[in-house]
Amino acid sequence: MNATNARKERVRFAPSPTGYLHIGGVRTALFNWLWARKTGGAFILRIEDTDQERSTDESVRVILDSMRWLGLTWDEGPEVGGPHGPYTQMQRLALYKEQAEALIAKGRAYRCYCTKEELDAQRTALKARDPKANFKYPGTCRHRQDQPNLPFVVRFMAPEAGAVTYVDKVFGPVTTPNSAQQDFVLLRSDGVPLYNFGAVVDDAAMGITMVVRGRDHMVNTPPQILLYEAFGHSVPDFAHLPMMLAQSGEKLSKRHGAVSVGEYRDQGYAPWGVLNYLARFGWSHGDQEVFSREELIAAFDWEHCNKSDGKFDAKKFLAVNAEHLKSPRLVPDADYAARTAPFVKARGLDVDAARVLPMVGLVRERATTFVDAADRLDFVFRDPPAIDAAAAAKFVTAASVTLLRELAGVLGGVEPWAVHPLEEATHAWLAKKGLAIKEVAQAARVALTGRTASPGLFDVIAALGRERALARLTAAAHAPT
RNA sequence: GUCCCCAUCGUCUAGAGGCCCAGGACCGCGGCUUUUCACGUCGCUAACGAGGGUUCGACUCCCUCUGGGGACGCCA
């Protein structure tokens, strides 16, 4: 697209498998993925499972499933492999240990024998004196002799003077004084790396050229850059994305409603509808709101990324999704049918995509989700249709029963069984009787669909087919009120 | 408290000094269309946080304030 984008970027999404895939995480993954696709680079998926307390295999599975459902395919990572594997941090422990030793050898890190208890005590004591104080590790073990029999963590020897400056792709230049840093822990006493160390070692090993992540990680960037420099590695570019908050302004969590990809999948959202909403959150392209996958890859850039945090809006999200469902360009009929069929089946109807396919036109402009589509299509596949009692009581009266029977007789002779002939025959009949369609429409609708709201009457009659349509009109006549 | 970041309608956003008494979308509210529900369509409500500069001219640049957010862990 543009000469400055010539570099093929290697980017990564590195979730912690501590639960479902959060909608905010998806946006981070998406922006990474878009950039990889746009630059013809690589999108790497890495599992950061070093928090053994909270990480689970189940969660890894859920995350991979969600990514696949969204269509955010990864070029390197779990299950697909790649030249820099393994792509799960707990399988890379030897590397972290080796790299930590290398830093110690360079004099840029050291073993610390202070126990967690000692440190906690110091922290608590400080807070007791000054509740607002900021506890920093005092560097007690910086020059302590090796203690072969004591457990230790490896700490970074942070510079006390100077500052780190980097140019964020979204936020521009950011400078942080080194005085804000401390001798943070690289390796725990059990040999498992902490976030900043693991991320830097892996990003360097995997040849990551740009780190794209949430703004909540912006504070991690200076220490990470210090690490790159200590190693003598070139520093990647960084792009931080503003955060997606709840309407209340709090961090978006389950108590604000659905936040996991799985929930939206189960609610019948289209994967690309989800991604489209997320793409436009913190990024814009003039007034364009709806994008196909290809359009988004072509249009995406960092210049139009916003810096300010935003609030998740479920209604707008639904609207964007509905926009996708309405468009055959964005969701082709076959895809629409395939995604709707499982939801129809979930209603206890033995229906496959092939049977849904010819019915897509009935709900295309009405349904906002595939679940909604399945609901609106229920009457097509259920025989007899589920009749809403209140609707029947109101519209299927003794008088309308007679009319419906008569209408069935009239329609019985219509050839071919298609919307226009059916409509013409009905109107001719109505004209002869001096009736307005209004006077039979709702009764017919309830008889045919069981509900007062449905697709167009003649579309329904045509879709049902001669036999079933006539049977339903007649059945209603036999079972009034 | 320390360090970092942010600031246009309720929400997502356009806006890169005059094109803006601020545009689009969602939501909300009306009208039209109509056999129902929708779709569609027309319209309405609604914003540049405050104060100083800079400039012939600021939503756009600078400063201060105010208001938000993030981080300060052997979590990620």
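Being a predicted model, the structure only gives us computed values, none of them experimental. Note: hydrogens, waters and symmetry copies are ignored here, and every other heavy atom, side chains too, is used. Order of the sequence lines fixes the chain letters, A, B, ..., with proteins taken first and strands second; residue numbering starts at 1 for each chain.
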Problem - Selected nucleotide, minimal atom distance to A:Q247 side chain, candidates B:C72, B:C74, B:U11 - result: B:U11
Problem - Any side-chain donor near an acceptor of the partner, A:R213 and A:T28, under 3.5 Å - result: no
Problem - Parallel, tilted or perpendicular: rings of A:F312 and A:F317 (30°, 60°) - result: perpendicular
Exercise for the section: Under 4.0 Å between any heavy atoms, over every strand shown, what does A:S454 touch: base, sugar-phosphate, or nothing? Just pick one. Expected result: base
Exercise for the section: Could you say whether A:I437 or A:W283 is positioned toward the 5' end of RNA chain B, judged by the nucleotide with the nearest heavy atom to each? Expected result: A:W283
Exercise for the section: Can you sort out the partners of A:L245 under side-chain contact (heavy atoms from CB on, under 4.5 Å), two or more places apart, ordered by chain and number? Expected result: A:M243, A:D309
Problem - Nucleotide opposite B:C65 in a Watson-Crick or G-U pair, distances under 3.5 Å - result: B:G49
Practice task
Report the base-pairing partner of B:U60 (Watson-Crick or G-U wobble, both distances below 3.5 angstrom), or none.
Solution key: none
Problem - Touch class at under 4.0 angstrom, heavy-atom based, for A:L194 against every strand present - result: sugar-phosphate
Practice task
May I ask you to say what A:G214 touches in the nucleic acid, namely base, sugar-phosphate or nothing, with a heavy-atom cut-off under 4.0 Å?
Solution key: nothing
Practice task
Give a yes/no verdict on a cation-pi contact between A:R111 and A:F152, requiring under 6.0 Å between NZ or CZ and the six-membered ring centre and an angle within 45° of the axis.
Solution key: yes
Exercise for the section: Answer with yes or no whether the side chains of A:T56 and A:E58 bring together a donor and an acceptor at under 3.5 Å. Expected result: no
Practice task
Please lay out, stage by stage, how A:N178 and A:E160 fare under the test side-chain contact (heavy atoms from CB on, under 4.5 Å).
Solution key: CA-CA 6 Å; A:N178 287 152; A:E160 282 149 44; over 6 Å; no
Problem - Residues which pass side-chain contact (heavy atoms from CB on, under 4.5 Å) with A:T369, listed by chain and number, not counting sequence neighbours - result: A:Y269, A:L318, A:N321, A:V371, A:D372
Exercise for the section: To the nearest 0.5 angstrom, please state how far the CG atom of A:L34 sits from the CG atom of A:L275. Expected result: 7.5 Å
Practice task
Using the P atom on both, measure B:A14 against B:C61 and round to a whole Å.
Solution key: 14 Å
Exercise for the section: May I ask you to decide if the ring planes of A:H22 and A:Y20 are parallel, tilted or perpendicular, using 30° and 60° as cut-offs? Expected result: parallel
Problem - Sugar-phosphate only, base, or nothing, as touched by A:K326 at under 4.0 Å among non-hydrogen atoms - result: sugar-phosphate
Completion exercise
Expected string for nucleotides 16-34 of chain B under the B/S/- scheme (protein heavy atoms, under 4.0 Å, primed atoms plus P, OP1, OP2 as sugar-phosphate) is -------BBBSS-------
Handout entry: Separation of the C1' atoms in B:C26 and B:A16, to the nearest angstrom
Key = 26 Å
Completion exercise
Applying side-chain contact (heavy atoms from CB on, under 4.5 Å) to A:S16 and not counting sequence neighbours gives A:T18, A:E48
Exercise for the section: Give one of base, sugar-phosphate or nothing for A:F312, where a contact means two heavy atoms less than 4.0 Å apart. Expected result: nothing
Problem - B:G40 to B:A25 separation - P atoms, rounded to the nearest Å - result: 11 Å
Problem - Distance-only donor-acceptor check, side chains A:R92 and A:Q89, under 3.5 Å - result: no
Problem - Distance, P atom - from B:C3 to B:U8, rounded to whole angstrom - result: 25 Å
Practice task
Could you check whether A:T452 gets within reach of a base, just the sugar-phosphate, or nothing at all, counting any heavy atom under 4.0 Å?
Solution key: base
Fill in the blank from the handout: Applying ring-ring contact (aromatic ring centres under 6.0 Å, His included) to A:Y336 and not counting sequence neighbours gives A:F370
Practice task
Report which part of the nucleic acid A:V185 touches: base, sugar-phosphate, or nothing (heavy-atom distance under 4.0 Å, all strands).
Solution key: sugar-phosphate
Fill in the blank from the handout: The Watson-Crick or G-U wobble partner of B:A14, with both key distances under 3.5 Å, is none
Problem - Inter-residue atom distance A:Y110.OH - A:C141.SG, 0.5 Å rounding - result: 7.0 Å
Handout entry: A:Y195: ring-ring contact (aromatic ring centres under 6.0 Å, His included) partners, not counting sequence neighbours
Key = A:H217
Practice task
Cation-pi check, A:R280 to A:Y277: give yes when NZ or CZ is under 6.0 Å from the six-membered ring centre and within 45° of the ring axis, no otherwise.
Solution key: no
Problem - ring-ring contact (aromatic ring centres under 6.0 Å, His included): pairs with one or both residues in residues 157-194 of chain A, sequence neighbours excluded - result: A:F156-A:F184, A:Y166-A:F238
Practice task
Take atom C1' in B:A47 and the same atom in B:U2, then report the distance between them in whole Å.
Solution key: 34 Å
Exercise for the section: Tell me which residues in residues 45-62 of chain A put a heavy atom below 4.0 Å from RNA chain B, sorted by number, or none. Expected result: A:E48, A:T50, A:D51, A:R54
Problem - Which residues share a side-chain contact (heavy atoms from CB on, under 4.5 Å) with A:A453, sequence neighbours left out - result: none
Exercise for the section: Determine the contact category for A:C114: base if any of its heavy atoms lies under 4.0 Å from a base atom, sugar-phosphate if only primed atoms, P, OP1 or OP2 are that close, otherwise nothing. Expected result: base
Practice task
Starting at the 5' end of nucleotides 3-8 of chain B, put B wherever the base has a protein heavy atom under 4.0 Å, S where only the sugar-phosphate does, and a dash everywhere else.
Solution key: SSSSS-
Show the distances under 3.5 angstrom between N or O atoms of the protein and N or O atoms of nucleotides 62-66 of chain B.
none

Problem - Separation of the C1' atoms in B:C65 and B:G73, to the nearest angstrom - result: 34 Å
Completion exercise
Here the distance between atom P of B:C72 and atom CG of A:D216, to the nearest Å, is 10 Å
Problem - Euclidean distance, A:W74 CH2 relative to A:L45 CG, rounded to 0.5 Å - result: 5.5 Å
Problem - Proximity to RNA chain B (any heavy atom under 4.0 Å), residues of residues 358-381 of chain A only - result: A:E365, A:R366
Handout entry: C1' atoms of B:A76 and B:G17, separation to the nearest Å
Key = 43 Å
Handout entry: Counterpart base for B:C29, defined by Watson-Crick or G-U wobble contacts under 3.5 Å
Key = B:G43
Practice task
Look at the side chain of A:K438 and decide which nucleotide, out of B:U35, B:A76, B:C12, has an atom nearest to it.
Solution key: B:U35
Practice task
For B:U11 versus B:G49, give the span between their P atoms, rounded off to a whole number of Å.
Solution key: 12 Å
Exercise for the section: Once you apply the 3.5 Å cut-off to both distances, tell me the Watson-Crick or G-U wobble partner of B:C72, or none. Expected result: B:G1
